[in-house]
Colleague: 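Please see the structure below; I have some questions.
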Protein chains: 2
Amino acid sequence: MSDNQRMTKQKRVILEELERVRTHPTADELYGIVRKRIPRISLGTVYRNLEMLAASGRIRTIRTCGKQRRFDADLSDHVHASCIRCGKIKDLPGGFPIGRLDGNLDESEFTYIATRIEIIGICGDCKREEETREG
Amino acid sequence: MSDNQRMTKQKRVILEELERVRTHPTADELYGIVRKRIPRISLGTVYRNLEMLAASGRIRTIRTCGKQRRFDADLSDHVHASCIRCGKIKDLPGGFPIGRLDGNLDESEFTYIATRIEIIGICGDCKREEETREG
DNA sequence: CTACCTGCAAACCCTTTGCAAACCG
DNA sequence: CGGTTTGCAAAGGGTTTGCAGGTAG
């Protein structure tokens, strides 16, 4: 967390692309996007930069359904809608329906950083796919 | 999700132990616990049974901070407090401060299943450890 | 200059899976 | 009995890391 971070071309492009997309891509998906601008970038570099950007608070990592981590450059409080089938995440319009949620928290036993709210469900694409398959 | 599940000794003990512990153990932690009662059980069996129990809705899986999945036999709505350092999860007293949260949801585009709320922070153990290390 | 960062590839580690034997109902 | 489940071990797949060369400041 010592912020001796350099703004390299790779880091800048990764951040730009993550801010641009509306999805919450996995490292691998972002790798595919960034490679259009930096063809010789490596997946390891993408991971390292996402890690650094998260450590310095410029982006957030999301772990929910699915085995892969996802990343979000939108730091505002918003609710995520996660699909248990495909793991994709969409944002819900409107902010948080609650506040800081640290009321009944013993600060000596837990230092509050943030609240996360998500709804779990099945997205339209996966639902339609299931209906097709099951007839 | 076809519930042709048999109640084997392994599955029963895994469920019993998961219901008994107050933590939200990883598969590996639960493996260590269950092995006290079934010494020759394998980690693969623990994973398979947790998967089956989750598929039939008897337990829940949690993915948050940390790379390992965690499991929870408490199906009631409760807020999780996750430590970003060690990945451990504790329950917050009291239920959910909000309701179903599917108000501004287009049901044709997302089938609602559940709401998850967690707070992110640093637990007492990790905080004390950091204070010791940094002087 | 030089400490930090990159690309590459191998290592890591959690999780899943194939198989023959064991077991539940 | 017949289809599930188990233990074992190997495979899988996302993420991390060591290293030598490259680069920001």
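Throughout, a chain's letter reflects where its sequence line sits, starting with A, and its residues are numbered from 1.
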Colleague: Could you list where the contact with chain B starts and ends along DNA chain C, reading 5' to 3', using a 4.0 Å heavy-atom cut-off?
Modeller: C/dC14 to C/dG25
Colleague: Kindly write out the residues that satisfy side chain to side chain contact (heavy atoms under 4.5 Å, CB included) with B/S42, not counting sequence neighbours, or none if the list is empty.
Modeller: B/T45
Colleague: Only counting residues at least two apart or in another chain, list the ones meeting side chain to side chain donor-acceptor pair (under 3.5 Å) with B/D125.
Modeller: B/R128
Colleague: Under 4.0 Å, heavy atom to any atom of DNA chain D: which of residues 20-29 of chain A qualify?
Modeller: none
Colleague: Just to verify, what does B/R20 make a salt bridge (Lys or Arg N to Asp or Glu O under 4.0 Å) with, not counting sequence neighbours?
Modeller: B/E17
Colleague: Share the residues that join A/I89 in a hydrophobic cluster, the rule being Ile, Leu, Val, Met, Phe, Trp or Tyr side chains under 4.5 Å apart at the heavy-atom level.
Modeller: A/I62
Colleague: Which letters describe nucleotides 16-25 of chain D, given B = protein heavy atom under 4.0 Å from base, S = only from sugar-phosphate, - = neither?
Modeller: BBB----BBS
Colleague: With nearest nucleotides of DNA chain C determined for B/Q68 and A/K11 from heavy-atom distances, which residue corresponds to the more 5′ nucleotide?
Modeller: A/K11
Colleague: Would you say B/M52 and B/F71 are hydrophobically clustered, going by side-chain heavy atoms of ILVMFWY under 4.5 Å?
Modeller: no
Colleague: Shared ILVMFWY cluster between B/Y47 and A/I84, side chains joined below 4.5 angstrom?
Modeller: no
Colleague: Who pairs with A/K90 by side chain to side chain donor-acceptor pair (under 3.5 Å), at least two apart in sequence or on another chain?
Modeller: none
Colleague: Name all stems that contain residues of DNA chain C, defined as runs of 3 or more consecutive Watson-Crick or G-U wobble pairs, both distances under 3.5 Å.
Modeller: C:1-25 with D:1-25
Colleague: So which atom in A/G95 and which in A/V79 form the shortest heavy-atom distance, rounded to 0.1 Å?
Modeller: O-CG2, 4.0 Å
Colleague: Check side chain to side chain donor-acceptor pair (under 3.5 Å) between B/T111 and all other residues, then give those that pass, not counting sequence neighbours.
Modeller: A/K127
Colleague: So, using side chain to side chain donor-acceptor pair (under 3.5 Å) as the criterion, who are the partners of A/K88 when residues are at least two apart?
Modeller: none
Colleague: Per the salt bridge (charged side-chain N to carboxylate O under 4.0 Å, His left out) rule, what does the pair list look like for residues 41-65 of chain B, sequence neighbours excluded?
Modeller: B/E51-B/R69
Colleague: Salt-bridged, A/E29 to A/R70, with N to O below 4.0 Å?
Modeller: yes
